[in-house]
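Reminder, nothing fancy here: chain letters follow the sequence lines and each chain counts from 1. Since we're looking at a predicted model, the values are computed, not measured.
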Protein chains: 2
Amino acid sequence: MSLPSSSLTQIIEEYIAQLLEENEVGEVSLRRKDLAERFGCVPSQINYVLRSRFAPENGFLVESQRGGHGYIKVIQLTFNNCDEEVVHLADLVGNAITEQESRKLLVNLQNRDVISPRERLIIEVALRSQEENGRSIFDVSPYRRDLMRAELLKKILTSLALG
Amino acid sequence: MSLPSSSLTQIIEEYIAQLLEENEVGEVSLRRKDLAERFGCVPSQINYVLRSRFAPENGFLVESQRGGHGYIKVIQLTFNNCDEEVVHLADLVGNAITEQESRKLLVNLQNRDVISPRERLIIEVALRSQEENGRSIFDVSPYRRDLMRAELLKKILTSLALG
DNA sequence: ATAATTTTGGTCAGTATAAGTCAAGGATAT
DNA sequence: ATATCCTTGACTTATACTGACCAAAATTAT
């Protein structure tokens with residue numbers, strides 16, 4: 001209902017997004033200090049924008065270097081074989097998913113060449129690591145572990161879907 | 001707004017990299033003084049480039065000799081077994097690793113085609129997810145988060161090596 | 001032969017620059 | 001009201017580059 005609120009963060013986000021569009025390559029290099037000056041804010045505001053808007057979960061990679069000739073590079077990954085199918089699958093994951101179900105899902109995705117064997121391996125290791133930590137270090141209940149597994153899986157799948 | 005200018009270091013790096021490409025052997029001999037003259041800098045700048053860009057963790061070896069007819073030889077390591085290298089890199093991760101360090105490592109691995117952009121993205125999502133959970137749900141101390149990050153990263157890299 | 005000299009490269013500490021982190025407080029939405 | 005999102009600034013860390021001084025290998029002089 002409310003009119004589009006334009007926070008600084010949003011404005012900077014749109015600016016960077018536009019730069020990305022203009023650059024054919026899908027990546028753009030920035031100077032944190034210059035950006036901050038342009039938008040009249042402290043430099044760390046830029047970090048906030050990057051962390052909250054150009055996160056890997058959203059299909060972006062950020063590289064940077066400090067010191068002399070420092071820079072921040074924002075890369076938008078685009079995958080040609082990315083389908084809305086993947087988004088659908090993220091829906092399939094739902095709120096909670098068991099280890100068994102997730103494994104079945106990943107096998108399925110690999111069989112349909114949506115993800116590569118290596119990618120599946122990485123995902124399984126990540127899920128399993130979270131499961132182990134939740135179980136033996138943080139004493140998370142089984143159901144809550146299913147919730148967390150769903151969260152992580154969705155993050156990964158949507159990151160691959162965006163582009 | 002000025003775009004990041006490329007540093008002297010980067011220019012010299014590219015020059016050496018090109019020499020390496022031209023030489024089929026994967027190695028090239030240089031004169032420190034000549035290089036410094038060519039790029040209008042002090043000789044020790046060359047050492048800086050070698051240390052920061054052609055280090056062993058980047059897959060290079062550097063040999064040199066002082067005195068008359070002295071030289072600097074840059075050798076590009078070629079792993080006949082790419083997996084072997086990934087194991088080596090798991091060692092590089094060490095016991096603890098910061099978010100910054102891990103990102104740098106992943107950029108490096110991708111640049112060297114050890115992992116693909118998609119694989120890097122998945123790994124970053126997984127690391128970030130663990131970080132977030134550790135910080136805001138389980139109240140894990142910063143150092144312990146560095147330990148956990150190293151654990152997860154090593155698990156993933158070694159799984160890729162053994163896969 | 002040996003010592004002096006010359007020709008290379010190495011190291012380190014200092015300076016300047018630029019990005020990252022964190023926590024506290026303010027603004028906004030629910 | 002409260003939870004989430006946004007914004008700020010003090011403090012920390014990383015990188016680039018220079019110059020003064022050090023070390024080693026070859027050449028030349030004695």
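- Going from atom CD of B/Glu101 over to atom C1' of C/dG20 covers 13 Å, rounded to whole Å.
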Protein N or O to nucleotides 8-11 of chain C N or O, pairs below 3.5 Å:
from, atom 1, to, atom 2, distance (Å)
C/dT8, O4', B/Gly67, O, 3.0
C/dT8, O2, B/Gly67, N, 2.9
C/dG9, OP1, B/Arg32, N, 2.9
C/dG9, OP2, B/Arg32, N, 3.4
C/dG9, OP2, B/Lys33, N, 3.1
C/dG9, N7, B/Arg32, NH2, 3.4
C/dG9, N2, B/Arg66, NH1, 3.0
C/dG10, OP1, B/Ser64, OG, 3.0
C/dG10, OP2, B/Asn47, ND2, 2.7
C/dG10, O4', B/Arg66, NH2, 3.1
C/dG10, N7, B/Arg32, NH1, 3.0
C/dG10, N7, B/Arg32, NH2, 3.2

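- Of the charged side-chain nitrogens involved, at least one lies within less than 4.0 Å of a carboxylate oxygen, so that A/Arg135 and A/Glu132 count as a salt-bridged pair.
- For CZ of A/Arg128, the number of neighbouring non-hydrogen atoms (other residues, nucleotides, ligands) closer than 6.0 Å is 12 at most.
- Remark: nothing in residues 120-152 of chain B comes within less than 4.0 Å of DNA chain D through any heavy atom.
- Counting non-hydrogen atoms of other residues, nucleotides and ligands closer than 6.0 Å to CG of B/Asn95 gives a total of 12 or fewer.
- In this structure, the side chains of A/Val49 and A/Tyr15 stay at 4.5 Å or more apart for every pair of heavy atoms.
- A distance-only check finds a donor-acceptor pair linking the side chain of A/Arg145 to the backbone of A/Val140 [under 3.5 Å].
- As rounded to whole Å, 15 Å separates atom P of C/dA19 from atom CD of A/Glu63.
- The distance from atom CD of B/Glu37 to atom C1' of C/dT7 is 14 Å, rounded to the nearest whole Å.
- For the pair A/Asn133 (side chain) and A/Ile137 (backbone), a donor-acceptor distance under 3.5 Å is absent.
- Here the side chain of A/Ser141 pairs a donor or acceptor atom with the backbone of A/Arg144 at under 3.5 angstrom.
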Protein and nucleotides 5-7 of chain D: nitrogen or oxygen contacts under 3.5 angstrom:
from, atom 1, to, atom 2, distance (Å)
D/dC6, OP1, A/Arg53, NH2, 2.9
D/dC6, OP2, A/Tyr48, OH, 2.5
D/dC6, OP2, A/Arg53, NH1, 3.2
D/dT7, OP1, A/Leu8, N, 2.9
D/dT7, OP2, A/Thr9, N, 2.8
D/dT7, OP2, A/Thr9, OG1, 2.6
D/dT7, OP2, A/Gln45, NE2, 2.8

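- A donor-acceptor pair under 3.5 Å is formed between the side chain of A/Ser159 and the backbone N or O of A/Ile156.
- Side-chain N or O atoms of B/Lys154 include none that pairs as donor or acceptor with a backbone N or O of B/Asp91 at under 3.5 Å.
- Using a 4.5 Å heavy-atom threshold, the side chains of B/Glu119 and A/Glu119 count as touching.
- The separation between B/Arg103 atom CZ and C/dG20 atom P is 8 Å, rounded to whole Å.
- The CG atom of A/Leu35 sits 15 Å away from the C1' atom of C/dG20 (whole-angstrom rounding).
- Side-chain atoms of A/Arg31 come within 3.5 Å of backbone N or O of A/Gly70 as a donor-acceptor pair.
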